[in-house]
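First the structure, in the form of structure tokens, and then the observations on it.
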Amino acid sequence: MVTIIKMESVNDYLRENNIKPSFQRIKILEYLLGTKEHPTVDTIYKALVSEIPTLSKTTVYNTLNLFVQNNITTIVTIEEKEARYDADTSIHGHFKCENCGKVYDFPLDISSLTANKLDGFVVKHQHVYYRGFCKNCVESE
Ligand SMILES: [Zn+2]
Ligand SMILES: [Zn+2]
């Protein structure tokens, strides 16, 4: 029962953002909304393929691209070769630990960042990435 309710709200969320809610799209978005891990295409594929045997990595990739185009997902590319996805589209910073590979969210006061040399420019995306070692890794040293 709980899953059905959840499915329906994800369904509405997709419709509100002009995306036709197919079963696979619903499943992918549901997964993304339920995780703080900033998963890659691979991670999402592996997590869902047992439940959706017809799923392909290309479908996951294309679906995520569609979400990004419709602004319901943010693409996080701290590492050039590793695109991660985040269904939290509010402005926040990302910290990637170079030891455990985890990506952490942190709140960001974007109003304190000044970019006055960009007067007259149209800013469409703002990303703040930090890299280093997370607290867990520092403490277990
Ligand atoms: Zn770490
Ligand atoms: Zn995030």
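Positions are given from 1, in the same order as the sequence printed here. Counting starts at 1 for both ligands and their atoms, following the listed order. Values in this document were obtained by computation on a predicted structure and should not be read as measured data.
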Electrostatic pair R131-E79, nearest N-O below 4.0 angstrom: yes
Would one find more than 12 heavy atoms of other residues, nucleotides or ligands at under 6.0 Å from atom OH of Y61? no
NZ/NE/NH1/NH2 to OD/OE distance under 4.0 Å, E98 and K96: no
Please find out if the Zn ion (ligand 2) and some N, O or S atom of D86 are separated by less than 2.8 Å. yes
Rounded to 10°, how many degrees is the angle SG/C100-the Zn ion (ligand 1)-SG/C137? 110°
Using the Zn ion (ligand 2) as the vertex, how large is the angle between NE2 of H92 and NE2 of H38, rounded to 10 degrees? 170°
Which atom, among the N/O/S set of D105, is closest to the Zn ion (ligand 2)? OD1
In terms of ring plane angle, is the pair Y130 and F95 parallel, tilted or perpendicular, where the classes change at 30° and 60°? perpendicular
